[in-house]
Asker: 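The following block contains the structure, expressed as structure tokens.
Here is the naming used below: chain letters follow the sequence lines, and residue numbers restart at 1 for every chain.
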Amino acid sequence: MSGVRCRFAPAPSGSLHVGNARTALFSWLWARHHDGTFILRVEDTDASRVTEEGFRGVLEDLRWLGLDWDEGPEAGGDHGPYRQSERLAIYREMVERLLADGSAYRCYCTPEELEQRRAEAQGRGEPPGYDGRCRTLTDAERAAFASQARTSVVRFAMPEHEWIVHDLVKGEVRWAAADLRDFVLQRSDGSPVFLLAVAVDDMLMDVTHVVRGDDLLASAPRNIAVIEALGGTPPAYAHLPQVLGPDRKPLSKRHGSTSVEAFRELGYLSEALVNYLALLGWSPGDDREILPREEMIWLFDLARVSSNPAAFDVEKLTWMNTQYVQQLEDDELAARSVHLFAQAGLGVDPALLRRAMPLVKERVHTIRDVVDLLRFLFSDDVVPNERAAALIEKAPEGYLKAAADPLDALSTWDAGAIATMLDDLATRAGLSRTKGWQPIRAAVTGSNVSPPLPESMELLGKERSVARIRAVAR
RNA sequence: GGUCCCAUCGUCUAGGGGCCUAGGACACCACCCUCUCAAGGUGGAGACACGGGUUCGAAUCCCGUUGGGACUACCA
């Protein structure tokens with residue numbers, strides 16, 4: 001194991017958004033590429049948004065995606081605890097240290113005062129942010145405020161010099177001293193603010209590389225400043241551009257399915273999602289797109305991550321999923337679709353399902369399609385859909401009736417014999433193969449679309465097939 | 001408003017001064033294959049936001065404009 005330590009630090013608010021999933025993936029890939037350590041840390045200091053269920057959702061998604069963590073909840077590690085809600089004492093201690101050496105100070109300004117000054121500053125076109133007035137309070141002034149029963153927060157005294165962050169994907173980013181104001185580390189109720197917690201945790205957990213969304217780019221210099229004030233060594237940062245929706249707005253719920261859980265339920269394979277996500281903002285440099293996990297780990301490089309935002313394209317994800325489904329072994333595909341049949345209220349005969357795989361593998365995009373295509377095999381409650389009904393309706397008078405008996409009389413019930421008979425029937429009725437087979441397909445499967453007909457009938461069995469034809473014959 | 005980030009086909013991208021009459025993939029169109037639907041095959045249409053520089057030469061470097069986006073909280 002190398003010294004590289006990456007972390008993924010989600011808020012435990014349920015199933016991961018695909019954007020967050022990509023962040024986790026890139027961080028994981030970087031760790032694995034370097035044979036380093038991947039750490040999962042839960043940012044649950046905002047009690048209002050935290051639920052045990054949300055926490056479970058995050059873990060479940062990561063597991064499903066195959067992003068295993070070496071340290072974190074349920075994995076342990078010697079840099080814990082890994083839930084921020086269990087680290088409150090640590091944050092408090094760090095605040096004391098910063099207060100003690102003057103890196104931070106108590107601020108007695110009230111929210112109202114701050115709001116007013118903010119508005120004024122903006123009116124004058126000055127940079128917003130705290131004006132630092134409590135930074136230079138004398139002991140006497142402090143005592144006076146305290147005696148007025150004014151509450152206070154702890155603010156970080158941002159060192160006044162230019163800040164430069166050498167971001168792994170954005171390059172060198174600079175901020176003038178005036179643009180980085182003193183920010184709150186600890187709320188008046190004593191709880192830590194994100195800016196403090198992240199810095200402290202990254203430092204104490206010996207994180208070497210922070211991979212996160214670029215909405216946090218501006219907090220990097222603050223994170224660095226806090227860590228430096230605490231005497232630690234700041235990690236390297238890699239800020240990933242946003243993942244956008246089709247309308248190029250930041251991806252959100254109103255774009256439909258955006259969570260890992262949603263795609264799982266829609267029948268996407270985790271390998272495909274991971275592969276797709278890996279290519280969202282990163283490319284190996286050549287024309288390859290289907291990248292097995294090991295290959296991905298081997299080739300991944302943060303320096304090759306694009307710095308412009310990428311739109312999430314379900315169509316391409318679906319194409320990729322199709323590729324992965326086709327690569328799946330029959331047993332595997334069958335095993336993975338079982339639960340979706342159950343979800344659809346269909347009991348399946350595993351052996352029959354397994355035998356049907358070669359018929360559907362090349363015609364499904366998601367494993368949910370497997371259910372749609374094979375529903376006729378596991379339910380005798382076949383009600384022809386609208387198009388199927390039309391096909392049956394359009395068939396020549398007596399055609400289906402005439403088909404039932406000879407099929408029933410077949411001595412060998414296999415696809416070859418069935419196909420021969422089907423052609424025979426069509427020819428006798430003066431129909432092309434297409435015209436002749438479609439009504440049969442409609443009767444047997446209840447749909448105008450199905451896996452290859454003779455093979456489907458073979459699997460269904462003579463009795464069930466013939467019964468279905470007779471049921472709609474006239 | 002201020003600070004910062006971003007800008008190649010509709011989408012994801014390759015490209016880091018001449019190899020670019022800009023390559024690949026998804027989607028789209030046509031044809032082939034074909035029992036439906038797919039899958040597959042072949043071909044096609046489709047982009048360097050704009051304006052200045054730098055240079056013998058710019059998609060590539062610099063500046064500006066425009067357009068997106070993020071941040072600007074006792075949110076994370």
Asker: Between A:Met457 and A:Leu422, does the side-chain contact (heavy atoms from CB on, under 4.5 Å) criterion hold? Intermediate values first, please.
Answerer: CA-CA 11 Å; A:Met457 290 170 71; A:Leu422 253 25; 4.2 Å; yes

Asker: Of the nucleotides B:A14, B:C71, B:C6, which has the atom closest to the A:Ser307 side chain?
Answerer: B:C6

Asker: NA contact type, A:Leu216, heavy-atom cut-off 4.0 Å: base, sugar-phosphate, or nothing?
Answerer: base

Asker: Report the relative orientation of the aromatic rings in A:Trp30 and A:His209; use parallel for angles under 30°, tilted for 30 to 60°, perpendicular for over 60°.
Answerer: perpendicular

Asker: When rounded to the nearest Å, what value does the distance between P atoms of B:U21 and B:G64 take?
Answerer: 30 Å

Asker: Using the P atoms only, state how far B:U72 lies from B:G10, rounded to an integer number of Å.
Answerer: 34 Å

Asker: Could you walk me through whether A:Tyr105 and A:Leu137 pass the side-chain contact (heavy atoms from CB on, under 4.5 Å) check?
Answerer: CA-CA 9 Å; A:Tyr105 58 91; A:Leu137 250 31; over 6 Å; no

Asker: If we call it a pair only when both distances are under 3.5 Å in a Watson-Crick or G-U wobble match, what pairs with B:A30?
Answerer: B:U42

Asker: Just checking A:Ser450: base, sugar-phosphate only, or nothing, at a heavy-atom cut-off of under 4.0 Å?
Answerer: base

Asker: In whole Å, measure the gap between the P atoms of B:C26 and B:G40 for me.
Answerer: 8 Å

Asker: What does A:Glu115 touch in the nucleic acid at a heavy-atom separation under 4.0 angstrom: a base, only the sugar-phosphate, or nothing?
Answerer: nothing

Asker: Heavy atoms under 4.0 Å, any strand shown: does A:Val173 hit a base, just sugar-phosphate, or nothing?
Answerer: sugar-phosphate

Asker: Using purine N1 to pyrimidine N3 plus N6-O4 or O6-N4 for Watson-Crick, or N1-O2 and O6-N3 for G-U wobble, each under 3.5 Å, what pairs with B:C19?
Answerer: none

Asker: In whole Å, what separates the C1' atom of B:A38 from that of B:C33?
Answerer: 12 Å

Asker: Would you tell me if any nitrogen or oxygen in the side chain of A:Arg150 comes within less than 4.0 Å of OP1 or OP2 on B:C74?
Answerer: no

Asker: Would you measure the distance from the P atom in B:A7 across to the matching atom in B:C37 and give it in whole Å?
Answerer: 43 Å

Asker: With a 3.5 angstrom cut-off on both distances, give the Watson-Crick or G-U wobble partner of B:C48, or none if there isn't one.
Answerer: none

Asker: Please determine if a side-chain N or O atom of A:His365 lies less than 4.0 Å away from the OP1 or OP2 oxygen of B:C37.
Answerer: no

Asker: If you count the non-hydrogen atoms of other residues, nucleotides and ligands that lie under 6.0 Å from CD in A:Gln148, is the total more than 12?
Answerer: yes

Asker: CD of A:Glu52: more than 12 outside heavy atoms within 6.0 angstrom?
Answerer: yes

Asker: If you pin A:Asp215 and A:Thr151 to their nearest nucleotides in RNA chain B, which one's is more 5'?
Answerer: A:Asp215

Asker: Name the one of A:Arg133, A:Arg135, A:Arg155 that satisfies salt bridge (charged side-chain N to carboxylate O under 4.0 Å, His left out) with A:Asp182?
Answerer: A:Arg135

Asker: Using nucleotides 22-26 of chain B, report all nitrogen or oxygen pairs with the protein that are shorter than 3.5 Å.
Answerer:
{"residue": "B:A25", "atom": "O4'", "partner": "A:Glu289", "partner atom": "OE1", "Å": "3.2"}
{"residue": "B:A25", "atom": "O2'", "partner": "A:Glu289", "partner atom": "OE1", "Å": "2.5"}
{"residue": "B:A25", "atom": "O2'", "partner": "A:Lys316", "partner atom": "NZ", "Å": "3.3"}
{"residue": "B:A25", "atom": "N3", "partner": "A:Lys316", "partner atom": "NZ", "Å": "3.1"}
{"residue": "B:C26", "atom": "OP1", "partner": "A:Trp319", "partner atom": "NE1", "Å": "3.4"}
{"residue": "B:C26", "atom": "O2'", "partner": "A:Lys316", "partner atom": "N", "Å": "3.4"}

Asker: Using purine N1 to pyrimidine N3 plus N6-O4 or O6-N4 for Watson-Crick, or N1-O2 and O6-N3 for G-U wobble, both under 3.5 Å, which nucleotide pairs with B:U60?
Answerer: none

Asker: Table please: side-chain donor-acceptor pairs of residues 156-164 of chain A below 3.5 Å, with sequence neighbours left out.
Answerer:
{"residue": "A:Glu162", "atom": "OE1", "partner": "A:Arg174", "partner atom": "NH1", "Å": "3.1"}
{"residue": "A:Glu162", "atom": "OE2", "partner": "A:Arg174", "partner atom": "NH1", "Å": "3.3"}
{"residue": "A:Trp163", "atom": "NE1", "partner": "A:Pro159", "partner atom": "O", "Å": "3.3"}
{"residue": "A:Trp163", "atom": "NE1", "partner": "A:His161", "partner atom": "O", "Å": "3.2"}

Asker: Would you say a side-chain N or O of A:Lys361 is under 4.0 Å from OP1 or OP2 of B:A39?
Answerer: no

Asker: NA contact type, A:Pro309, heavy-atom cut-off 4.0 Å: base, sugar-phosphate, or nothing?
Answerer: sugar-phosphate

Asker: Base, sugar-phosphate alone, or nothing: which one does A:Gly213 contact when heavy atoms must sit under 4.0 Å apart?
Answerer: nothing

Asker: Distance between the C1' atoms of B:C71 and B:G15, in whole angstroms?
Answerer: 31 Å

Asker: Tell me what A:Lys435 touches on the nucleic acid: a base, only sugar-phosphate, or nothing, going by heavy atoms under 4.0 Å.
Answerer: nothing

Asker: Taking atom P in both B:G57 and B:A27, what distance in whole Å separates the two?
Answerer: 43 Å

Asker: Answer with yes or no after comparing the ring centroid distance for A:Tyr268 and A:Tyr276 against a 6.0 Å cut-off, counting only values under it.
Answerer: no

Asker: Does A:Arg433 place a side-chain N or O at less than 4.0 Å from the phosphate oxygens OP1/OP2 of B:U34?
Answerer: no

Asker: Dump the intermediate steps for side chain to side chain donor-acceptor pair (under 3.5 Å) on A:Gln438 and A:Arg441, then the final yes or no.
Answerer: CA-CA 5 Å; A:Gln438 278 303 79; A:Arg441 184 194 311 281; 2.6 Å; yes

Asker: Give one of base, sugar-phosphate or nothing for A:Arg181, where a contact means two heavy atoms less than 4.0 Å apart.
Answerer: nothing

Asker: Determine the contact category for A:Leu453: base if any of its heavy atoms lies under 4.0 Å from a base atom, sugar-phosphate if only primed atoms, P, OP1 or OP2 are that close, otherwise nothing.
Answerer: base

Asker: Quick one: is A:Arg387 getting a side-chain N or O under 4.0 Å of the B:C37 phosphate, OP1 or OP2?
Answerer: no

Asker: Would you classify A:Pro454 as touching base, sugar-phosphate or nothing, given that sugar-phosphate means primed atoms plus P, OP1 and OP2, and contacts are heavy atoms under 4.0 Å?
Answerer: base

Asker: Should B:U3 form a Watson-Crick or G-U wobble pair with both distances under 3.5 Å, which nucleotide is its partner?
Answerer: B:A70

Asker: For the pair A:Trp298 and A:His33, name the ring-plane relationship: parallel under 30°, tilted 30 to 60°, perpendicular over 60°.
Answerer: tilted

Asker: Say you pick atom C1' in B:A45 and the same atom in B:U3; how far apart are they, in whole Å?
Answerer: 43 Å

Asker: Among B:G68, B:G15, B:A38, which is the nearest nucleotide to the side chain of A:Arg304?
Answerer: B:G15

Asker: How would you label the contact of A:Arg441 with the nucleic acid (heavy atoms, under 4.0 Å): base, sugar-phosphate, or nothing?
Answerer: base

Asker: If you pin A:Thr322 and A:Gly285 to their nearest nucleotides in RNA chain B, which one's is more 5'?
Answerer: A:Gly285

